[in-house]
Amino acid sequence: MESTAPAIPLLSLVVPCYNEEESLPLFYQDVQEKLSSLKGQMEILFIDDGSRDKTLEIIRSLAGADPMVHYMSFSRNFGKEAAMLAGLQGARGEYIAVLDADGQDPPALIPQMLEAVQGGYDCAGTRRVNRLGEPPVRSFFARRFYALMQRITDINIVDGARDFRLMNRKYLQALLDIPERNRFSKGIFPWIGFKTRWFEYENIERVAGQTKWSFWKLFLYSLEGIFAFSSKPLAIASVMGFLLFILSILFTLFIVIRRLIWGDPVDGWASTVSIILFCSGVQLLSTGIVGQYVAKIYTEVKQRPQYIIREQG
Ligand code: UDP
Ligand code: MG
């Protein structure tokens with residue numbers, strides 16, 4: 001391409017890519033078409049998150065042909081959060097947008113988003129108004145998760161909000177000033193506040209390739225969000241302990257009184273066994289909850305880098 005790279009681009013596109021060999025050429029073409037008005041004022045920063053297919057080769061050749069394309073390539077797969085962070089740290093533009101490489105975040109929305117942010121908003125966020133093409137079970141649990149987060153955290157995670165965002169430098173700096181390693185961006189965005197303008201769009205299916213999210217991965221990711229933004233699980237564990245304590249006193253009283261009045265011998269091992277099982281279950285659960293927080297503290301304390309760059313261009 002004949003466009004030259006400006007010293008400080010108006011807009012940086014940060015694009016995390018993991019095994020996106022099929023989507024990338026389509027994505028690049030889409031950006032060229034939809035953002036032709038920004039030509040010469042834009043940089044595209046691809047972050048290859050340790051892909052095992054031809055993603056890096058494709059990015060390299062795009063960067064070779066077009067001076068507005070830059071890239072970083074990780075030494076292994078560090079996950080989308082790390083890839084986004086690296087991109088946000090490396091972006092030089094006055095305005096910065098994050099979008100997926102798979103066509104699910106339409107670049108066609110960017111001019112409107114840019115206009116909103118230039119017009120006084122700090123961030124333009126996007127949310128899907130439907131979940132077409134998604135397995136119903138997944139949609140159901142996603143909705144339950146948003147409802148739960150609403151109740152147990154102080155932050156307001158917008159249902160269907162994507163990571164597709166466009167922000168100004170002030171907003172970006174606030175994001176980068178958060179050093180935490182257990183990054184859960186869906187929560188960090190609302191946590192830092194600022195003025196966000198929402199754009200809604202219908203869900204678009206990937207142009208090619210497979211989603212990297214299995215149900216199990218999503219489930220773990222949602223737990224990540226809960227533990228990163230709420231200490232309610234600890235309170236729940238304490239309350240459960242307290243209730244069981246009260247219950248055990250009442251039960252003991254009941255047994256003593258029954259023995260005094262009716263002279264019943266203590267009968268049945270079944271009830272004893274179920275009580276023991278129940279109590280040890282609650283104990284294990286509570287220890288597990290505490291353990292989750294300890295594990296998070298452990299990751300923070302180790303201070304390991306959140307990603308390692310193997311190649312840059
Ligand atoms: N991605 C990444 N590292 C990962 C997983 C995903 O950089 O470990 C990228 C992926 O290439 C895509 C974006 O993050 O550009 C979103 O991934 P995906 O489309 O699988 O998620 P979904 O859109 O289904 O939420
Ligand atoms: Mg996707």
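Just so you know, ligand 1 is whichever comes first in the structure, and atom 1 is the first atom listed for that ligand. For the single chain, residues carry numbers from 1 onward in sequence order. Worth saying up front: this structure is predicted, and the values here are computed from it rather than measured.
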Part of Glu20 with heavy atoms under 4.0 Å of ligand 1, whether side chain, backbone, both or neither: side chain
Atoms of ligand 1 close to Asp49 [distance to a heavy atom under 4.0 angstrom, numbered from 1]: 2 (C), 3 (N), 4 (C), 7 (O), 8 (O)
Run the ring pair (Phe, Tyr, Trp, His ring centres under 6.0 Å) test on Phe215 and Phe141 for me, step by step, so that the C-alpha distance in whole Å, both residues' side-chain angles and the decisive distance to 0.1 Å come before the verdict. CA-CA 10 Å; Phe215 187 78; Phe141 279 101; 5.5 Å; yes
Interatomic distance, CG@Asn182 vs CZ@Phe227, rounded to 0.5 Å, equals 11.5 Å
For Gln104, the ligand 1 atoms whose distance to one of its heavy atoms is below 4.0 Å: 19 (O), 22 (P), 23 (O), 24 (O)
Using a strict threshold of under 4.0 Å (side-chain N to carboxylate O), is an ion pair present between Lys296 and Glu224? yes
Backbone, side chain, both or neither: what part of Asp100 comes under 4.0 angstrom of ligand 1, heavy atoms only? both
Strictly by modelled atom types, are Tyr201 and Arg127 linked by a side-chain donor-acceptor pair under 3.5 Å? no
Could you tell me whether Ile47 approaches ligand 1 through its side chain, its backbone, both or neither, with non-hydrogen atoms closer than 4.0 Å? neither
Does an N or O from Ala101, backbone or side chain, lie closer than 3.5 Å to an N or O of ligand 1? yes
Under 4.0 Å from one or more heavy atoms of Cys17, ligand 1 contributes atoms 7 (O), 11 (O)
Go through ligand 1 atom by atom and flag the ones less than 4.0 Å from a non-hydrogen atom of Pro16. 7 (O), 9 (C), 10 (C), 11 (O), 12 (C), 15 (O)
Looking only at protein heavy atoms, which one is nearest to atom 1 (N) of ligand 1, and what is the separation? Tyr18 CB, 3.7 Å
Are Gln312 and His70 packed together at the side-chain level, in the sense that at least one heavy-atom pair is separated by less than 4.5 angstrom? no
Have a look at ligand 1 and work out which part of Arg162, if any, has a heavy atom under 4.0 Å from it: side chain, backbone, both or neither. side chain
Per-atom contacts, ligand 1 versus Asp102 - under 4.0 Å to a heavy atom: 19 (O), 23 (O)
Ligand-residue contact atoms, ligand 1 with Asn77, heavy atoms, under 4.0 Å: 3 (N), 4 (C), 8 (O)
Indicate whether any N or O donor in one side chain lies under 3.5 Å from an N or O acceptor in the other, for Gln118 and Tyr95. no
How open is the angle at the Mg ion (ligand 2) from atom OE1 of Gln104 over to atom OD2 of Asp102, rounded to 10 degrees? 100°
Side-chain donor-acceptor pair under 3.5 Å between Gln89 and Tyr307, yes or no? yes
Please check: side-chain N/O of Ser230 versus main-chain N/O of Ile152, any donor-acceptor pairing under 3.5 Å? yes
